[in-house]
2 protein chains.
Amino acid sequence: MDVKSTLLIAAERLFDRHGFTATGVDRLTAAAGMSSRTLYKHAGGKTALIAAVLTERDRRFMRRLDVRSVDALFAALEDWVRVEGARGCLFLRAHGETGGATPEIAEVVMGHKAALRARIAEIVAVDVGDGEDAALAEQILILLEGATAAAVYRGPEAVAAARAAAGVLVAKARA
Amino acid sequence: MDVKSTLLIAAERLFDRHGFTATGVDRLTAAAGMSSRTLYKHAGGKTALIAAVLTERDRRFMRRLDVRSVDALFAALEDWVRVEGARGCLFLRAHGETGGATPEIAEVVMGHKAALRARIAEIVAVDVGDGEDAALAEQILILLEGATAAAVYRGPEAVAAARAAAGVLVAKARA
DNA sequence: GGAGATGTAAAACGTACGTTTTACATTTCA
DNA sequence: TGAAATGTAAAACGTACGTTTTACATCTCC
């Protein structure tokens with residue numbers, strides 16, 4: 001595997017498990033098995049590395065959410081939580097740790113959330129039919145965010161509960 | 001106002017707006033208008049200060065959630081978001097920044113979440129009647145967490161959407 | 001009036017931060 | 001063959017961290 005990928009994988013793991021600010025460059029280089037010189041050559045700096053990690057995570061996460069029904073959406077999230085664990089939305093965590101004051105990071109975070117919202121709107125449109133139901137899409141988004149947050153202390157069960165709630169809302173929208 | 005309260009208020013504001021790790025003791029003392037010697041005398045240290053800030057916030061937040069219906073619960077959250085702003089759950093943010101590795105902090109966070117869950121169970125029991133509906137309470141919890149998270153980028157509208165969704169779920173539980 | 005508590009201001013503690021530099025080894029490829 | 005590219009190891013950059021210490025100014029109240 002190439003150097004950049006090795007770095008991104010190691011960095012994502014450390015950022016996710018220990019936080020962004022708390023993870024120093026020394027720990028990143030040690031985990032990725034490379035010198036700081038190489039890290040700076042490939043990533044540019046710590047801020048750019050965080051942005052790159054988030055960009056890559058966005059790709060990986062959105063690929064998993066390539067589904068055609070609301071129920072499948074929550075099934076995919078449940079899979080994600082079981083495989084990746086639940087430490088809260090990494091994008092919102094990055095945004096919170098930086099106070100939204102780092103444009104390079106804030107941009108990736110807001111881009112991801114916009115894409116997520118758009119994806120959910122698509123899924124709802126396909127699943128419920130009948131044009132677009134903006135209110136329902138917003139509610140599904142909130143259930144997804146809530147499941148992600150609550151899974152930190154409630155585990156995958158939180159996603160199952162969100163899935164059931166979404167089922168009720170979708171059924172009502174279809175009626 | 002006494003020194004401790006001044007410190008806690010200033011610290012909560014800085015932690016919330018800029019993150020816990022990113023906020024240094026120098027900035028805390030400057031904002032609170034006191035020397036570091038005084039800060040250490042009253043708070044013990046930065047970790048203990050974070051725990052104290054969270055403990056105080058738990059009191060303040062739970063006092064606001066002293067309501068008797070699910071709809072009033074989300075109305076209270078909407079008030080909170082409009083007054084305090086929406087930067088994500090401060091407890092989960094603290095937990096994420098420390099990787100859950102600081103017992104003093106993890107304890108307050110988990111205590112708060114347990115209290116929140118219990119409070120919601122009470123509200124649901126009173127509002128829906130018919131004994132306790134554990135599944136519904138879990139769904140309301142997830143909507144509340146989701147509204148808190150989504151409000152970061154969707155604003156107070158997210159809480160209104162969660163409120164509407166909760167209304168549907170409660171109506172169905174009553175039927 | 002004087003002891004004790006409570007505060008400030010400022011320097012210093014050692015450590016760790018993000019980043020750059022120096023010096024050198026290895027690989028790539030015209 | 002030899003120069004460019006790509007890597008490591010390690011030291012150094014200045015800054016900021018959390019914390020403690022020293023020295024001094026106020027208050028409070030018996």
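Just so we're on the same page: letters track the sequence lines, and every chain starts at 1.
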Using a 3.5 Å limit on both pairing distances, list the dot-bracket string of DNA chain C from the 5' end; Watson-Crick and G-U wobble pairs count, crossing pairs take [ ], interstrand pairs take |.
||||||||||||.||||.||||||||||||

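Put simply, the side chain of S36(A) and the base of dT20(C) share a donor and an acceptor less than 3.5 Å apart. A donor and an acceptor atom never sit less than 3.5 Å apart when one is taken from the side chain of R37(B) and the other from the base of dT6(C).
Across all strands shown, T47(B) has no heavy atoms under 4.0 Å from either base or sugar-phosphate atoms. Heavy atoms of T29(A) sit nowhere under 4.0 angstrom from any nucleic acid atom. Within the nucleic acid shown, G33(B) comes within 4.0 Å of sugar-phosphate atoms alone, with no base atom in reach, counting heavy atoms only.
At whole-Å resolution of the value, CG in L39(A) and C1' in dT8(D) are 14 Å apart. For the pair L14(B) CG and dC17(D) P, the computed distance is 12 Å after rounding to whole Å. Atom-to-atom, CD1 of I50(B) to C1' of dC17(D) comes out at 13 Å; the value is rounded to the nearest Å. For the pair L28(A) CG and dG18(C) P, the interatomic distance rounds to 8 Å; values are reported in whole Å. Atom pair R27(B):CZ and dG18(D):P shows a separation of 10 Å (rounding to whole Å applied). Here the C1' atom of nucleotide dG7(D) and the NZ atom of K4(A) are 17 Å apart, to the nearest Å. For the pair D2(B) CG and dG7(C) P, the computed distance is 9 Å after rounding to whole Å.
Between D26(A) and V3(B), the residue anchored closer to the 5' end of DNA chain C is V3(B), taking for each the nucleotide with the nearest heavy atom.
Between the R93(B) side chain and the R87(B) main chain, a donor and an acceptor come within less than 3.5 Å of each other. Remark: side-chain polar atoms of R64(B) are not paired, donor with acceptor, to backbone N or O of L73(B) under 3.5 angstrom. Using a distance-only test at 3.5 Å, with no hydrogens or angles considered, no donor-acceptor pair links the side chain of E145(A) to the main chain of A150(B).
With 3.5 Å as the limit, one finds no donor-acceptor pair spanning the side chains of T47(B) and E104(B).
Close to dG7(C), at under 4.0 Å from its OP1 or OP2, lies a side-chain N or O of H42(B).
When the nucleotides dT8(C), dG18(D), dG7(D) are ranked by their closest atom to the side chain of T38(A), dG7(D) comes out on top. Of the candidates dT6(D), dT8(D), dG18(C), dT6(D) carries the atom nearest the K41(A) side chain, counting heavy atoms from C-beta on. Of the candidates dT19(D), dT19(C), dT8(C), dT19(C) carries the atom nearest the Y40(A) side chain, counting heavy atoms from C-beta on.
The aromatic rings of F61(A) and W80(A) stand perpendicular to each other, their planes meeting at an angle above 60°, with 30° marking the opposite boundary.
A salt bridge does not link E122(A) with R68(A): every distance from a Lys NZ or Arg NE/NH1/NH2 to an Asp or Glu carboxylate oxygen is 4.0 Å or more.
Summarising the geometry, atom CD1 belonging to I120(A) is positioned 10.0 Å from atom CD1 belonging to I142(A); distances are rounded to the nearest 0.5 Å.
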